Amino acid sequence: MLIPIIFQQVLSRAEDLLNISLADVYKMKSFVVGLCALGTAAQVIIDDSIFYGQSPPVYPSPNISGTGDWAESYTKAKELVSKLTLEEKSNLTFGASTTENGCGGWIPGIPRVGFPGLCLVDAGNGVRTTDLVNGYAAGLSVGASWNRDLTTKRGHFMAGEFRAKGANVALGPVVGPLGRIATGGRNWEGFSHDPYLSGLLAADTIKGHHERGIITSLKHFIVNEQETNRNPFANTSPQVEAVSSNVDDKTMHELYLWPFQDALKAGSANIMCSYQRINNSYGCANSKTLNGILKTELGFQGFVITDWRAQHSGVASALAGLDMTMPDSGWWAKNLTTAIQNGTVPESRLDDMATRILAAWYLLGQDEGFPKPGIGMPYAITEPHTRVDARDPAARPIIFQGAVEGHVLVKNNRALPLRDPQVISVFGYSAPGYKQSVVGDGTYSAWKLGAQSTNPNQQVASKQYNSTVKIETIAINGTIIMGGGSGATTPGYVSSPFDALNQRAIKDNTDLFWDFIDPAPQVPASDACLVFINAWSSEGYDRPAVYDDYSDNLVLSVAEQCNNTIVVIHNPGVRLVDNFSDHPNITAIVYAHTPGQDSGAATVALLYGDENFSGKLPYTVPKNVTDYGPLLGPDLPEGDYINYPQSNFTEGIFIDYRGFEARNVTPRYEFGFGLSYTSFEFASSLAIRKTDKGEDAESYPTGPIEQGGQVDLWDVLANVEFTVENTGKVAGKEVAQLYIDTPSGVRQLRGFEKVSLKPSEKETVTLPLTRRDLSEWDVVAQKWKLVKGSIGIYVGASSKDLRVQGTLEL
């Protein structure tokens, strides 16, 4: 092992002495091979694994260049920056320590040049900590819908609310965490555990926001996959640093960077860097990820902002590519101007920061009639404030449909839809509405809250994290519509399942019985028994489990007394059902996910067949917790690294369905699975046609770099055409999914479309395959390399239910 270590040092010195990037070092393959004349050793040199756990330096930070759609905004920003003083430019780069409004982050204006300032507000699922806004279906429900058009409309109306409140920057959407670990506390904020599905839905969300002139803050860049030890823990000596996500270059590109790249291609003007370390360098001071990958390889033109208090250095962060810090942490402020004056940081770096920030403002047209920053954001709901009703009546059907399509039916033994039941019994703590309070525990936001249980018998004990025992609770006092933390919103109302069932009972003259308290209730003779359970998840800590005995025992208690027991789960992530799914009296199971304010109305519409189930799982549900192996929970500090926690992503790209397939583990419900009240058939053959660009395509892209990467990565090389038919008796929607064989040996999602069909209706679907879809990351060339030869193409209703296949020759 001595030779690889020596050569690694040689390459590092080459960077320092020759002032070239790591990518350039990799490109020196032929030179290194000839110099060493050692085939095996040379192969080790160019193998990215020797840099595992280390983040190589990439300097200097590239300047914004105004490529693509950014040309005009770049020119305007550059001109404005030329008029600013050193202090004015510096003041654009850090949040004000006190705000003039209720914004989560605030960049004060510069009145003399007509810049009004920037108001930054959480989050990716709607406007947080304010009144008179809607509560949209959260990210995981959007992923379960697999509906790109609905996603764009959701983004459009959500952005309208940010605009009405005077919020320039919406702090979302989330594509990191991707969902590497099953118990991740923030998995509910993202769309899917699959990078392809997550990337397209993020892109559609951003397009919807851009229609209303709102800057999106795509987060959290990058490999931010656990809440445990996400920040340094200072109450020890020495300090426990944040966990380091150690990832190889190939996995970084093929898995975790993939959705960010889609979102950047869609035009996201802001990137939020993450709390944790990346290959042992803090995310907001990591020159490889910020300067090298984001601003060079992907040509990012916007500005990089910290997650709140994620800055851990001053000069180093500036040189590594950070453009704005939130809030004022003391690292910059006057220290940044001092560093420029003494030559530690070149003024050109500050000019680039300011230009990127203002270019984003211009790109979204916010210089043209945008509301006063923070006009509708109160300090607190208890204080007098300017009321701005941001809710658009036209959004109501989109909010409802988002709740509907985020439900996934995974079991149905002819129990659903309900058919004129005379007697229904309702059980479970997730059926009634939640308690609202001005002061509480932060379940939804700073001022409107859903109460959680403090009864030890209704809690799930967790592992010990940083000498502090975290307790995950089920929301025993009411239903949940999303998770907690900065991603949560505060809607004006919530339709709970019981509210909606009660209204239906009034309409149908149904006799309702209910018990939301007893963990082993007495069940009257009923036509159907509905059990509503949930799981709680929040920013700040990871879930200790993917099931809980209290809820499972409640379900089993009802099922032992009722032969038509229907279980509805409000789950903010993967939730196992192996303790009760095979019980003969449990006739239906629904994953309701994080449906937003219309939760109950959507559930009841589906249970009675007014709406048809069309959601599909955006993750895999295994049979046992042991099926996850080390990916069940977060990595913890231990051994020699007790003060420097390490999380080694040695599984590579094999998370979720990739991992289950690679290990030949059969899931209970596979990725992409979901039932309907109707049936669909796929044509028996595929029409696979190469485009002109697919004929004799070069191995590597050759196009210029604009935001998102080399432009020809999005060239369509082939189209796959097939037909889907509704062969049932009711109208419904099917998600047609396309998977391809890859060199890793695992089929991966590379296309999907949701089609709406009446009985006996057919639709021809055409799904494109781009150069990027058909490539793998070459760590030596530092480019996407087109896969040559025969590529298997599969189309069907889930990752396991693939009905028709063909072959693409490249």
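Not measured: the values here are computed from a predicted model.
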Taking side-chain hydrogen bond (donor to acceptor under 3.5 Å, both in side chains) as the cut-off, I'd like each qualifying pair that reaches into residues 331-340, sequence neighbours left out, listed once. none
Mind checking ring-ring contact (aromatic ring centres under 6.0 Å, His included) for Phe303 and listing every partner two or more places apart, or none if nothing turns up? none
Does Glu211 pair with Lys207 as a salt bridge, N-O distance under 4.0 Å? no
Between Asn643 and Glu241, is there a side-chain donor-acceptor contact under 3.5 Å, judged purely by atom types and distance? no
Any side-chain donor paired with an acceptor under 3.5 Å for Ser268 and Thr216? yes
Lys89: side-chain contact (heavy atoms from CB on, under 4.5 Å) partners, not counting sequence neighbours: Val81, Leu84, Glu347, Leu350, Asp351, Ala354
Rounded distance [0.5 Å steps], NZ in Lys78 versus NZ in Lys83: 14.5 Å
All ring-ring contact (aromatic ring centres under 6.0 Å, His included) counterparts of Trp784, not counting sequence neighbours: Trp258, Trp777
Expected output: side-chain Asn291 to main-chain Val58 donor-acceptor under 3.5 Å: yes
Closest non-hydrogen atoms of Thr130 and Gly376, given as atom of the first, atom of the second and distance, are OG1-O, 3.0 Å
Roughly how far, to the nearest 0.5 Å, is NZ of Lys295 from CD1 of Ile705? 15.0 Å
Of all residues at least two apart in sequence or in a different chain, which pass the side-chain contact (heavy atoms from CB on, under 4.5 Å) check with Thr296? Pro62
So, for Val315 and Val345, which heavy atoms are closest and what is the spacing to 0.1 Å? CG1-CG2, 3.8 Å
Say whether, by atom type as modelled, one donor and one acceptor occur between the side chain of Ser217 and the main chain of Leu171 under 3.5 angstrom. no
Verify, without hydrogens or angle tests, whether Asp712 (side chain) and Gly703 (backbone) share a donor-acceptor contact under 3.5 angstrom. yes
Within the distance-only criterion (no hydrogens, no angle test), does the side chain of Arg391 pair as donor or acceptor with the backbone N or O of Asn134 below 3.5 angstrom? no
With sequence neighbours left out, the residues meeting ring-ring contact (aromatic ring centres under 6.0 Å, His included) with Tyr74 are none
side-chain contact (heavy atoms from CB on, under 4.5 Å), that's the test. Do Met482 and Thr489 meet it? Break it down for me. CA-CA 8 Å; Met482 60 186 66; Thr489 58; 3.2 Å; yes
More than 12 heavy atoms from other groups under 6.0 Å of CG on Asp389: yes
By salt bridge (charged side-chain N to carboxylate O under 4.0 Å, His left out), which residues pair with Arg230, not counting sequence neighbours? Glu227, Glu539
NZ/NE/NH1/NH2 to OD/OE distance under 4.0 Å, Arg349 and Asp323: yes
Between Arg277 and Ser245, is the side-chain contact (heavy atoms from CB on, under 4.5 Å) condition met? List the steps. CA-CA 6 Å; Arg277 294 179 295 153; Ser245 298; over 6 Å; no
Scanning both residues in full, the closest heavy-atom pair of Met377 with Thr129 reads CE-O, 4.0 Å
Gap between atom OH of Tyr541 and atom CZ of Arg186 - 0.5 Å precision: 12.5 Å
Residues Leu120, Trp106; criterion side-chain contact (heavy atoms from CB on, under 4.5 Å); working and verdict: CA-CA 6 Å; Leu120 300 87; Trp106 171 238; over 6 Å; no
Within this structure, what is the CD1-OG1 distance for the pair Ile305 and Thr93, rounded to the nearest 0.5 Å? 10.5 Å
Under 3.5 Å side-chain donor-acceptor pair for Arg180 and Ser647: yes
Flag for Glu189-Asn125: side-chain donor and acceptor within less than 3.5 Å: no
Does Lys153 NZ have over 12 foreign heavy atoms under 6.0 Å away? no
Using the rule given for side-chain contact (heavy atoms from CB on, under 4.5 Å), can you reason through Phe221 versus Ser274, listing the C-alpha separation, both sets of side-chain angles and the distance that settles it, and then say yes or no? CA-CA 5 Å; Phe221 194 75; Ser274 53; 5.6 Å; no
Minimum heavy-atom separation for Ile271 and Leu264, please, with both atom names. CD1-CD2, 3.9 Å
Checking Asn286 now: which residues fulfil side-chain contact (heavy atoms from CB on, under 4.5 Å) with it, not counting sequence neighbours? Ser55, Ile278, Ser281, Lys288, Thr289
Step through the shown structure and confirm whether more than 12 heavy atoms of other residues, nucleotides or ligands are within 6.0 Å of CD on Gln239. yes
Heavy atoms only: give me the nearest Arg356-Asn63 pair and the separation to one decimal. NH2-C, 3.6 Å
Quick check for you: to the nearest 0.5 Å, what is the distance between Ile222 atom CD1 and Phe260 atom CZ? 5.5 Å
Hydrogens and angles aside, do Glu297 and His253 bring a side-chain donor and acceptor to less than 3.5 Å of each other? yes
Side-chain donor-acceptor pairs of residues 358-375 under 3.5 Å, sequence neighbours excluded:
from   : atom 1 : to     : atom 2 : distance (Å)
Gln366 : OE1    : Asn168 : ND2    : 2.9
Gln366 : NE2    : Asn168 : O      : 3.0
Gln366 : NE2    : Gly213 : O      : 2.9

Hey, does the side chain of Tyr136 reach the backbone of Gly155 with a donor-acceptor pair shorter than 3.5 angstrom? no
Do any pairs count as a salt bridge (charged side-chain N to carboxylate O under 4.0 Å, His left out) and have a residue in residues 105-114, sequence neighbours left out, and if so which ones? Glu88-Arg112
Please lay out, stage by stage, how Gln782 and Asp249 fare under the test side-chain hydrogen bond (donor to acceptor under 3.5 Å, both in side chains). CA-CA 9 Å; Gln782 288 290 285; Asp249 191 42; 2.7 Å; yes
Gln301 (side chain) donor-acceptor with Gly66 (main chain) under 3.5 angstrom: yes
His210: which residues meet the ring-ring contact (aromatic ring centres under 6.0 Å, His included) condition with it, sequence neighbours left out? none
What distance do Phe300 atom CZ and Glu706 atom CD have between them, rounded to the nearest 0.5 Å? 15.0 Å
With distance as the sole test, does Asn280 use its side chain to make a donor-acceptor pair with the main-chain N or O of Gln54 at under 3.5 Å? no
As a quick check of understanding, evaluate salt bridge (Lys or Arg N to Asp or Glu O under 4.0 Å) for Asp328 and Arg309, giving each step before the final call. CA-CA 8 Å; Asp328 176 13; Arg309 297 178 178 84; over 6 Å; no
Salt bridge (charged side-chain N to carboxylate O under 4.0 Å, His left out) contacts touching residues 162-172 (sequence neighbours left out): Asp131-Lys165
Can you tell me if Thr306 and Gln311 form a side-chain donor-acceptor pair at under 3.5 Å? no
State, without any angle test, whether Gln276 and Asn231 hold a side-chain donor-acceptor pair at a distance under 3.5 Å. no
What closest approach, in Å, do Asp204 and Arg148 show between heavy atoms, and which atom pair accounts for it? OD2-NE, 2.7 Å
Any donor and acceptor pair, going by atom type alone, linking the side chain of Trp308 with main-chain N or O of Gly105 inside 3.5 Å? no
